[in-house]
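First up is the structure itself, then whatever we jot down about it.
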Amino acid sequence: MYDVVVVGAGPSGCMAAKYAAKSGASTLIIEKNANVGVPVHCAGLVSGRTLVESELRDTGSFMSNELKGAIIHFPNHDMHIEARADKRAYAIRRDLFDRALAREALKSGAELITNSRVIDMVAGTVDGSVKGMKIRVSEGNEVKEIGAKVVIGADGVRSAVADMAGLKFRKYMLSCVQVEGRHEAGDCAEIFVRRGIAPGFFAWIIPLGDGNARFGLCIDKRYSVSGSTSMHYFKKFMHMIKGYNRGSYPEGPYIKYSGGEIPITATSLRPPKTVRVMKDTGVILVGDAAAQVKPITGGGVYYGMKCGKIAGEIAAIAASNDDMHALYDYERRWRKEIWMEIAFGVWIHRLRCVLRDDEFDMIFRVLERGRTRIEREGDMDYPSRVLRELITRREILMLGTKGLIRYIYCRGLDIKEG
Ligand SMILES: Cc1cc2nc3c(=O)[nH]c(=O)nc-3n(C[C@H](O)[C@H](O)[C@H](O)COP(=O)(O)OP(=O)(O)OC[C@H]3O[C@@H](n4cnc5c(N)ncnc54)[C@H](O)[C@@H]3O)c2cc1C
């Protein structure tokens, strides 16, 4: 019987396991895939703060490129943002990053089993006498049982642990497609905002510094025309950048092809419930499983690790004191850290789902006026800090009101694509 069992060896799970083990809890990570970090479902764009949060010293082992800024392509304008040296973003290799995090968790005393999928769990008697959570794990053709006092569900966007623990909450899934391919120029990330390219989100090019780049997009399918898929938009996007990209269009064969989903909580009024306390055991959710993702950018690595640390520490305390009510402290703490940022992002997400291309161009004009401020104070982990002030400008407030009325009343109507 373990004090803490962490389901999922992504960044959130590895960090939770590291902190649980460091706090003295016997800790096991269960990962369904054969190798930690693959397959990759990520563009790998992270802030410097994320690297610090990871506590990994040898960042060179997973670093692909340092990006000097971003170009945001609005429907009819381009906005160039130069990042200050201390505010740069980095393109990383998520497979190597996740593996490095897992190694650190093991060094702290956690154990890891791979090729093992959690298929069921039930509170009850474990090992004949001790009370806790009985977790059924499938390993190939075998099913074995593992006991835990506390279970941390870090099993990603379609969390089985959340379902089994009855921790369901309403969320929308953004659907994403990405390839890696040849791309000659640039040390800036490029973002494409336009309904016809990526309704409800954006498309990206992230140069990797070795003549290749990641090309991808996400959509909120509720706002795609006639229910078109992310692949439909992706093909259109690749066709568009063929002309735009001065011939450095990735003709293929693509080096890596991936997809995935990003969870966005459906409401900004109430944070998701992420703790379930039973008599002798408890479950907490972390990372994508808890939709701890920035709705504006879809980034979840930083929040996942940050909340993973809290989850690990609190789970260890609850297990060592046999006091499952201590788990509620996790919920209080993560909400205090990031919920306001997520709630703000949910409003922005709603707005971008219903904006027309001319309205995106108006946003460009407002942002362009605040560009110096964005360059000086912009923060990809806490975008609301700068955006909040820009948003109080009169034009944006009016646009926001119009947009939200449209969001409430016109959902399901096709909004004209540019
Ligand atoms: C296309 C795309 C691009 C993205 N780009 C970025 C980006 O540039 N920057 C950024 O910060 N974020 C990005 N994200 C989001 C980011 O990938 C996630 O927020 C992050 O991976 C969440 O980490 P996690 O540990 O919570 O979950 P995951 O990384 O999803 O890890 C969950 C783990 O649980 C395992 N698992 C699942 N079910 C079970 C089970 N039943 N039993 C055992 N193991 C199980 C999985 O195999 C997986 O290893 C992107 C997402 C997508 C889809």
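Start at 1 and go down the list; that is how both ligands and their atoms are numbered.
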Ring-face cation contact, Tyr382 with Arg385, 6.0 Å cut, 45° max = yes
With sequence neighbours left out, write down each residue that passes disulfide (SG to SG under 2.5 Å) with Cys42, or none if nothing qualifies.
-> none
Looking at atom 8 (O) of ligand 1, what's its closest protein heavy atom, distance included?
-> Leu45 N, 2.9 Å
Answer yes or no: does an N/O atom from Asn33 fall short of 3.5 Å to an N/O atom of ligand 1?
-> yes
Please say whether Pro11 places an N or O atom under 3.5 Å from an N or O atom belonging to ligand 1.
-> yes
For atom 15 (C) of ligand 1, what is the nearest protein heavy atom, given as residue, atom name and distance?
-> Gly298 O, 3.5 Å
When you check the gap from the basic side-chain N to the acidic O, do Arg195 and Asp357 get nearer than 4.0 Å?
-> no
Heavy-atom proximity to atom 32 (C) of ligand 1 ranks first, among Ala154, Cys176, Gly260, for Ala154
Please indicate whether any nitrogen or oxygen in Gln178 is less than 3.5 Å from any nitrogen or oxygen in ligand 1.
-> no
Phe201 and Trp204 aromatic ring geometry - parallel, tilted or perpendicular at 30°/60° bounds | perpendicular
Quick one: which ligand 1 atoms are inside 4.0 Å of a heavy atom on Ile30?
-> 43 (C), 44 (N)
Within the 4.0 Å heavy-atom cut-off, what Thr297 brings close to ligand 1 is neither
Report the part of Ser116 (side chain from C-beta onward, or backbone N, CA, C, O) that has a heavy atom under 4.0 Å from ligand 1; answer both or neither where that applies.
-> backbone
Distance to 0.1 Å, residue and atom name: give those for the protein heavy atom nearest to atom 44 (N) of ligand 1.
-> Lys32 N, 3.1 Å
For the residue pair Phe192 and His73, categorise the inter-ring angle as parallel (less than 30°), tilted (30 to 60°) or perpendicular (more than 60°).
-> parallel
Looking at Phe234, is Lys236 sitting on its ring face, NZ or CZ under 6.0 Å from the six-membered ring centre and within 45 degrees of the normal?
-> no
What's the shortest distance from atom 22 (C) of ligand 1 to any protein heavy atom, and which residue and atom give it?
-> Asp288 OD1, 3.3 Å
Residue Gly287 vicinity, atoms of ligand 1 by number, heavy atom under 4.0 Å = 26 (O)
Does Gly44 have a non-hydrogen atom less than 4.0 Å from ligand 1?
-> yes
Basic-acidic side-chain contact under 4.0 Å: Arg333, Glu313 | yes
Verify the neighbour count for atom CZ of Arg376: are there more than 12 heavy atoms of other residues, nucleotides or ligands below 6.0 Å?
-> yes
Mark yes or no: Arg222 above the aromatic ring of Tyr172, with NZ or CZ under 6.0 Å from the six-membered ring centre and no more than 45 degrees from the axis.
-> yes
Is it the side chain, the backbone, both or neither of Val161 that has a heavy atom closer than 4.0 Å to ligand 1?
-> neither
Distance-only, no hydrogens or angles: does the Glu142 side chain make a donor-acceptor pair with backbone N or O of Glu139 under 3.5 Å?
-> no
If you measure every N/O of Ala43 against every N/O of ligand 1, is any gap under 3.5 Å?
-> yes
Are any of the N/O atoms in Gly299 less than 3.5 Å from those in ligand 1?
-> no
Salt-bridge contact Lys309-Glu55 (side-chain N to carboxylate O under 4.0 Å) = yes
Examine Val301 against ligand 1 and note whether any of their N/O atoms are separated by less than 3.5 Å.
-> yes
If you measure from the Lys or Arg side-chain nitrogens to the Asp or Glu carboxylate oxygens, is any gap between Glu53 and Arg49 under 4.0 Å?
-> no
So is there a nitrogen or oxygen of Trp204 less than 3.5 Å from a nitrogen or oxygen in ligand 1?
-> no
Asp98, any N or O under 3.5 Å of ligand 1 N or O | no
In the protein, which heavy atom is nearest to atom 41 (N) of ligand 1, and how far is it?
-> Val118 O, 3.2 Å
Does the side chain of Glu337 pick up a donor-acceptor pair with the side chain of Tyr303 at under 3.5 Å?
-> no
Mark yes or no: Arg350 above the aromatic ring of Trp347, with NZ or CZ under 6.0 Å from the six-membered ring centre and no more than 45 degrees from the axis.
-> yes
Hey, is ligand 1 close enough to Gly300 that some N/O pair sits below 3.5 Å?
-> yes
The protein heavy atom nearest to atom 31 (O) of ligand 1 is Gly10 CA, 3.5 Å
Nearest protein heavy-atom contact for atom 30 (O) of ligand 1: which residue, which atom, what distance?
-> Gly156 CA, 3.8 Å
Say whether Cys42, considering both its backbone and side-chain N or O atoms, lies within less than 3.5 Å of an N or O atom on ligand 1.
-> no
Is a donor on one side and an acceptor on the other found under 3.5 Å between the side chain of Lys18 and the backbone of Glu104?
-> no
So, does Arg94 sit close enough to ligand 1 that a heavy atom of it is under 4.0 Å from the ligand?
-> yes
Indicate, as side chain, backbone, both or neither, the part of Arg117 found under 4.0 angstrom from ligand 1 when only non-hydrogen atoms are considered.
-> both
Identity and separation of the nearest protein heavy atom to atom 48 (C) of ligand 1 = Glu31 OE1, 3.5 Å
Residues Glu375, Lys87: salt bridge by 4.0 Å N-O rule = no
